[in-house]
Amino acid sequence: MPAMSQPEDATDLENYEFKWGKKRGLGGKRKEVRFYESFTFDGVDYSLYDCVYLYKEGEPEPYIGKLMKIWEQPDHKKKIKVLWFFRPIEILNYIGDNMTVHDKEIFLASGEGVGLANVNPLEVIAGKCNVVCTSEDPRNPQPSNEELEMADYIFHRTFDVGNYKISDKMDDKVGGIEVRFIFNKKEVQGSSNIPKHVAEQIKENGRVVVGDEASKSFSKQNSVPIENVNAVDTPTCSVAKGDAQLELPWANEEPLSGEKAAPGVVTEAKESAPSGVRQEKVLKRFKANYEKDGKGSDIPSQVEDKERPISAKGVGELDRPSKKAKLDTDTKLEEQQAYLSSLLATGKERSGNISQKLAVDSEDDGVKVSLKADSASEDKSKSKLVKESVVQDKGHSKKVKPDGKTTKISNGVLPKAASAHPPEKDIKTDARLLEVTRRPNADRSKWFKALPWEERMKTAHEQETLVLLQNLDPAYTSAEIEDIIWHGFRENCTAKVVQHTSASSPHSGQAFVIFKTREAAEMAIRKLDEGCLMLPNGRPLIGSRVNPVLQRKRSAFVGHLFIDKVRLQMPREDMKRAISTSHCSQPNTIEYEMAMEWRLLQTRVDIWWKELYKQQVVELRKVENNLKFK
Amino acid sequence: MGTPAHKEYAEFQEKVKRTVYVDNLSPQITEAVLKTALEQFGNVRDVQFIPNYTEANEIPQCALVEMETAKLAKAIIMEMTDYPFMLGGMPRPVRARAAEVEMFSDRPIKPGRKIQIRWMDPKDPDFEVAKKLKHLTKKHVAEASLLLKHQLEEEKKLAYSQAENLEVNYKKYEMIDNLIIDGTFRRLSSKYNLELQDS
């Protein structure tokens, strides 16, 4: 094994810049050896457990090793002990036939024996090597895709130098190093593996909208209405939560999504105060807005917009009332009338009853009724409900039609509600509602079977609520994208990632997002276009309207040949018994030869794609490097 | 770490390993056809076509086929790589590869990932860079689309030339057949005094 041989003493390297870093302690028999944790060599900072290239003359490729120990001897010779990595080519004989080796993969030496580690003069270090551990061991902080992309090498297996076995299990100690130093470093340690900007971003937390905080803020907003409408509308009732929430959520929402939206959000983002404080500010702004509303400036005009009452409620975080509204619209106009009266009668009724009554009134859907009962019974189930209502909204989005009457009502009620808005109360309530936005989507499907995505997308496209997001991290899931949209725009949506294929860009993901309203979709597109929503790792989000390809004519598939007279193809019925139409082609036939031509083309095309994406990454990095704050 | 999220993700990763990504599928291939075809190798758990909503061009179908075990999935990929596999027609072979996480639409969130977003101030010096990045991304999408178009053209070309070849070959064989059938072949061989082994 070539790696065993110790790299030769480097010659005169005195003129290189060198500085010791943090001391670790003394060692040796007479305490004359100084151990260090870090040093600077030739302008590069090294610390213990970094991976480095070690250069040996005459070898085409440098060795790769991990720094196990760094020390200075009494004679001022600087030494390092290095745990070796093996390149696959070095241990080729021990790699099994059916073992797939990633083209950047290397193997860590383990066990005991020659070739595990060596002591070398420090000067043989040729540079830092970014080795990322991809071990699925739960102790290993999993690398992100970006990190993988940036890695010079990856490893997840060890090669035992004693018994020549490759293993993907990590013991507690490998080569005498504790395993936690073998795995990727945690972010806090600010290691070289992790892009700096991540750390920077963490520091700038105030500026960045962090998921949890924002979700808190949402719950706060959401709970605002509870008190104040009570106060105004239903003085005798103490539990009229369901109703109370009806108007405010969207009223709440307006300052953000309305015309003022863009500056509003920007300022919010700029505020570097911790979220709680920020939240208060936001609330104050809301309050201000409400006061304006009282004078009839902003909201009434929006109320005139027919779709608003329903959709905006939906947007307002889909609390129970929104569902009620939906129920009503689902049923008939008379029902709406009933809804009106029930709304007015809130004072006499307990909220739970109302929602139940409403649900029964509608008699629309068994599931819904049960849902209602659920909602009335327990407060905790609220979070679940929110989720469910999301589904419901989607399910009924088609049916929801603007309705003049509801508009009027909310129009009438709103100013009252707004005027009595006590901002302090919400802060109290929020603690209880904290959990609401955690959205384990799995719960949804238990209750409702959502319409097929394709259909929803079609409807959304017709209603112009469909937006295509680009430049996402391909690793994001649909749920994460929904969260991003929520935090970025205070809008609810349904998202679905565009599934990758072999020709998809490995560094850029796309997703379809269905917003609740056309206005919301337009707002999002405009804001993404004019402003800039930065995702981690220097990805500005792009949003655009799309025309999804839903019904495609099935034109002929190229590459399947038929001879007119003979009809090589099986009759249609046989297609179902696919065995007769699927087979592995045998060499020595025309078919095989032609298949090989296809293979050739397929491989060539693969290379094109790979090259294209490689080139694109290079271009991206070039521009990204100009970013100061990533 | 035994949290449910970790467990769910681990299960999902297992599923990815069990899954074969198949492409170059004719649009006539249905779920049932694909399932039966791959059941020759072993038990198929699930077949899912990857829908194509973004690409206006006609592209061959691709699908994710979940097999019973990861080993089986691997074996299928090997088999289909070693031998061109015909499904629903020939000679364009179906291609199989290991599935990747991003190919699944219903994947769980990777535990421990934090996403941080921020709105950029237009005065921020990075704003212009971000603008450029956006532009670049759009350009890249367009490039990909162009390459796809090129790929489709190449495929068409190959199919066309193969069709021509096949026809020529077919005509040749047909001619030989006819010669054998109408006896010309035998007459010629006796005239030139040549042994005929086949007829």
Side-chain angles (χ1 to χ4, degrees), chain A residues 138 201 207-210 265-266 269 470-471 474 477 479-480 484 487-488 497-502 505 508 531-536 540 542 548-549 554-555 557-561 563 575 578-579 581-585 591 594-595 597-598 601-602 605 608 612 616 619-620 623 626-629, chain B residues 1 23 26-27 32-33 36-37 40 50 53-54 56 58 60 62 83-93 95 97 100 102-103 105 107 109-110 115-121 125-127 129-130 132-134 136-137 140-141 143-144 147-148 151 154-156 158-159 162-163 166 169-170:
Chain A
Q201 236 166 0
R207 264 188 102 184
V208 175
V209 183
V210 180
V265 171
V266 171
Q470 290 173 319
N471 205 18
T477 64
E480 280 169 316
I484 291 176
H487 297 311
V497 289
V498 174
Q499 287 167 271
H500 270 207
T501 64
S502 55
S505 165
S508 169
C532 174
L533 183 64
M534 206 57 157
L535 304 185
I542 300 176
V549 190
R554 306 226 145 157
S555 67
F557 174 73
V558 298
H560 284 178
L561 301 178
I563 293 168
M575 282 288 280
I579 295 174
T581 59
S582 67
H583 60 274
C584 282
S585 181
E591 180 198 59
M594 288 183 168
E597 287 175 16
W598 276 100
L601 180 64
Q602 284 170 353
V605 168
W608 293 343
L612 175 74
Q616 289 186 350
E619 286 175 27
L620 277 175
V623 180
N626 295 331
L627 282 177
K628 290 199 186 69
F629 177 87
Chain B
M1 278 181 262
D23 64 1
S26 139
V33 173
T36 352
Q40 292 175 97
I50 297 182
Y53 300 127
T54 43
E58 188 77 17
C62 37
Y83 299 97
F85 188 75
M86 306 292 158
L87 186 53
M90 43 195 137
R92 184 171 179 176
R95 189 172 56 163
R97 291 177 163 196
E100 287 159 28
E102 286 82 20
M103 292 172 176
S105 68
R107 59 197 131 113
I109 295 179
K110 192 172 183 180
I115 302 173
Q116 297 167 325
I117 57 173
R118 69 192 172 106
W119 282 100
M120 236 185 213
D121 190 341
D126 283 352
F127 193 80
V129 185
K132 261 188 219 157
L133 277 175
K134 282 204 254 184
L136 196 59
T137 311
H140 286 167
V141 172
E143 279 173 4
L147 178 57
L148 185 71
Q151 175 190 345
E154 286 290 303
E155 283 168 359
K156 229 180 233 165
L158 178 61
Q162 286 191 341
L166 185 68
N169 271 322
Y170 180 70

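Quantities reported herein were computed from a predicted structural model and do not represent experimental measurements. Letters go in sequence order (proteins before strands), and every chain restarts at 1.
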Separation of Ser502(A) OG from Glu100(B) CD (nearest 0.5 Å)
8.5 Å
Contact check, side chains of His500(A) and Ile50(B), non-hydrogen atoms, under 4.5 Å
no
According to side chain to side chain contact (heavy atoms under 4.5 Å, CB included), who are the partners of Glu480(A), at least two apart in sequence or on a separate chain?
Tyr476(A), Thr477(A), Ile109(B), Arg113(B), Ile115(B)
Residues Glu597(A) and Gln162(B): closest non-hydrogen pair is OE1-NE2, 2.9 Å
Can you tell if the side chain of His140(B) reaches within under 4.5 Å of the side chain of Ser505(A), non-hydrogen atoms only?
no
Counting only non-hydrogen atoms closer than 4.5 Å, does Leu612(A) touch chain B with its backbone (N, CA, C, O), its side chain (CB onward), both, or neither?
side chain
For Gln151(B) and Trp608(A) the tightest heavy-atom approach is CA-CZ3, 4.2 Å
Shortest non-hydrogen separation from Trp598(A) to Pro93(B) and the atoms involved:
CB-CD, 3.2 Å
Name of the residue among Arg107(B), Glu102(B), Met103(B) meeting side-chain contact (heavy atoms from CB on, under 4.5 Å) with Val497(A)
Arg107(B)
Sort Phe85(B) into side chain, backbone, both or neither according to what part of it lies under 4.5 angstrom from a heavy atom of chain A.
both
Can you confirm whether Gln470(A) sits close enough to Val141(B) that some side-chain heavy atom of one is under 4.5 Å from a side-chain heavy atom of the other?
yes
Any chance OH of Tyr83(B) has more than 12 other-residue heavy atoms, nucleotides or ligands included, within less than 6.0 Å?
no
Atom pair CG (Leu87(B)) and NE2 (His560(A)), whose distance is rounded to the nearest 0.5 Å
7.5 Å
Heavy-atom distance under 4.5 Å to chain B: side chain of Val623(A), backbone, both or neither?
both
Among Lys156(B), Arg97(B), Lys132(B), the residue with the most heavy-atom pairs under 4.5 Å to chain A is Arg97(B)
Under the side chain to side chain contact (heavy atoms under 4.5 Å, CB included) rule, collect the residues that match up with Ala130(B), sequence neighbours excluded.
Cys532(A), Met534(A), Pro540(A), Met120(B)
Report the option among Leu136(B), Leu147(B), Thr137(B), Val129(B) that has the most heavy-atom pairs separated by less than 4.5 Å from atoms of chain A.
Leu147(B)
Minimum heavy-atom separation for Glu591(A) and Pro91(B), please, with both atom names.
O-CB, 3.8 Å
4.5 Å side-chain heavy-atom contact, Asn471(A) and Lys134(B)
no
With a 4.5 angstrom heavy-atom cut-off, which part of Leu601(A) approaches chain B: side chain, backbone, both or neither?
side chain
